Amino acid sequence: MTTPFTIETIAAHVGERVTVKGWLYASTHKGKLLFLQLRDGTGITQAVAFRPEVGDELFESLAHLGQESSLIVTGTVRANPKAPGIPAGYEIGVEEAHILQNAVDYPIGPKEHGVEFLMDNRHLWLRSKQQWAIMRVRTTIKRAIIDYLDDHGFYNIDTPILTPSAAEGTSTLFEVDYFDEKAYLAQTGQLYNEANIMAFGKVYCFGPTFRAEKSKTRRHLAEFWMVEPEMAYYDLEDLMNLEEEFVSYIVQTTLEQRAAELELLGRDLAALRNVIPPFPRISYDEAVERIQAIRAATDDPIQKELLAIEWGDDFGSPHETELTKQFDKPVFVYGYPSAVKAFYMEPWPGRPEVCKSVDLLAPEGYGEIIGGSERMSDPDVLLAAIHRHELPEVNYQWYIDLRRYGGVPHSGFGLGLERTVAWICGIDHIRQTSPFPRTLNRLTP
RNA sequence: UCCUCAGUAGCUCAAUGGCAGAGCGUGCGGCUGUUAACCGCAAUGUUGUUGGUUCGAGUCCAACCUGAGGAGCCA
């Protein structure tokens, strides 16, 4: 009797005869013993073949299988504290095996490889333990995002990817031909979300977005996923309350469900357990003062130059990194100068040069994972802002309409999935958080 | 677009201006407990491209190509 099972659940199958349909991750041998690391997509486990038990013919064929050969192995599960794997501590004594294909010259070995080589082989690299673990964490984070919002009264209303003009008027967009007209790949669904909340109250969109900026850093992709919740009758404080509950839920859920993967990635789990509300909230004014103090305290001339800032300047990466080092949780920075933010943000009461924006900066140098704001609610102020930013008014008529017909205070934010995955996984480059990342120099595979 | 660094065997990297090397991987052989096993043997090169300096260039010079990290911009 054979029990269908997955490697993930091997602990519950000790003493049973099982069949693994998978691939050969690695193998080694010692005389009449052969150790096969098998993976099936859910985990990795060791299968042990003993020559006198399986016979010379099968033993020889298994011994000469190349890495990533496909095979089906049947045998009995037993506990063995020394057996490696995910989960470790169990192995299968091989009784039968059917080889589907012997893979020859698999390019990725267990030793080190360079980034370019690995990215050229991204279609294969995904099979490696680390990449596999990151993608499992990613799926869990996506699920947590959707669960949280669906459980808190949000409707998932989709927004278009093909758009007639730049939503924010700032980023560089990918241009496409739309029946002989110019169209652009969406950089955000936010403006459409604002229309949707007036119909549904609380909504979110969650999908890919595109930025054609020639950014070439460990934090940027040309195509990335963003979840954008938008809420009617939410002010800036409501927004921050939601964001910290949301982010904490994502982190804690991932910790519960993917601790093994995070440990495999070498993540400091204590730092993640600490991500619970409340998060520190500091004003832009205070942030500038803090950065200036950090700059005054450093003797490094390069740092001194990078950290130069005056009120009114937007933060660069070095500013964010140094600022977040002062906290052991994500930190809110609110009340940025209107001049460095998008046109649609509500002015601060009594301080028109400041807007009701808030960014959430991840700790440990991971930078901005959320950008959000309370949106402008007055149609005339909005129209003036559109003119000031020299945006084509005709494309924004419908957006202004939202303020004419039952305008209300409302807020929303966008959370970058890949940056969040990078932070939670503790990996140093965003390209590993996307199965097939699109970057400045890479469109393939 | 700008700054910095890199490009040599399938991969990761060595090589004072003077014979092109090692480890890993691969192939063959040995071993009943491997964990990136170990031991023995073997095969593997258009040194990114083009031009220049030199008796002689992987090495020095110039341009270009490709990639990486960072700045700007942003999630």
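Nothing here was measured: the structure is a model prediction, and the numbers come from that model. Every chain is numbered from 1 and lettered A, B, ... according to where its sequence line falls, protein lines coming before strand lines.
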Considering only heavy atoms and no angle criterion, is a donor-acceptor pair shorter than 3.5 Å present between the side chain of [X] and the base of [N]?
| X | N | value |
| --- | --- | --- |
| A:S215 | B:C73 | yes |
| A:H113 | B:C11 | no |
| A:K216 | B:A71 | no |
| A:Q46 | B:U34 | yes |
| A:R51 | B:C31 | no |

- Check whether NZ of the Lys or CZ of the Arg A:K329 lies under 6.0 Å from the centre of the six-membered ring of A:F279 and within 45 degrees of that ring's axis.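 No - A:K329 does not lie over the ring of A:F279 by the 6.0 Å and 45° rule.
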
Of all the nucleotides listed ([options]), which has the minimum atom distance to the side chain of [X]?
| X | options | value |
| --- | --- | --- |
| A:Q37 | B:U34, B:C74, B:G33 | B:U34 |
| A:R219 | B:A75, B:G69, B:C73 | B:C73 |
| A:R431 | B:G69, B:C74, B:C31 | B:G69 |

With a 4.0 Å limit, can you tell me whether [X] has a side-chain N or O closer than that to the phosphate oxygens OP1/OP2 of [N]?
| X | N | answer |
| --- | --- | --- |
| A:H429 | B:G69 | yes |
| A:R218 | B:A75 | no |
| A:K30 | B:G33 | yes |

- Would you give the length of the straight line joining atom CH2 of A:W23 to atom CG of A:L38, rounded to the nearest 0.5 angstrom?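 One gets 11.0 Å once the value is rounded to the nearest 0.5 Å.
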
- Task: Answer yes or no for this row: A:F35 ring on B:G33 base, centroids under 5.5 Å, planes under 30°.
- Result: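 No, A:F35 does not stack on the base of B:G33.
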
Assign [X] to base, sugar-phosphate, or nothing according to its heavy-atom contacts below 4.0 angstrom with the strands shown.
| X | answer |
| --- | --- |
| A:N80 | base |
| A:E91 | base |
| A:L221 | base |

- Task: Scan every strand shown for a Watson-Crick or G-U wobble partner of B:G7, both distances under 3.5 Å, and answer none if you come up empty.
- Result: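 B:C65 - that is the nucleotide pairing with B:G7, both distances being under 3.5 Å.
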
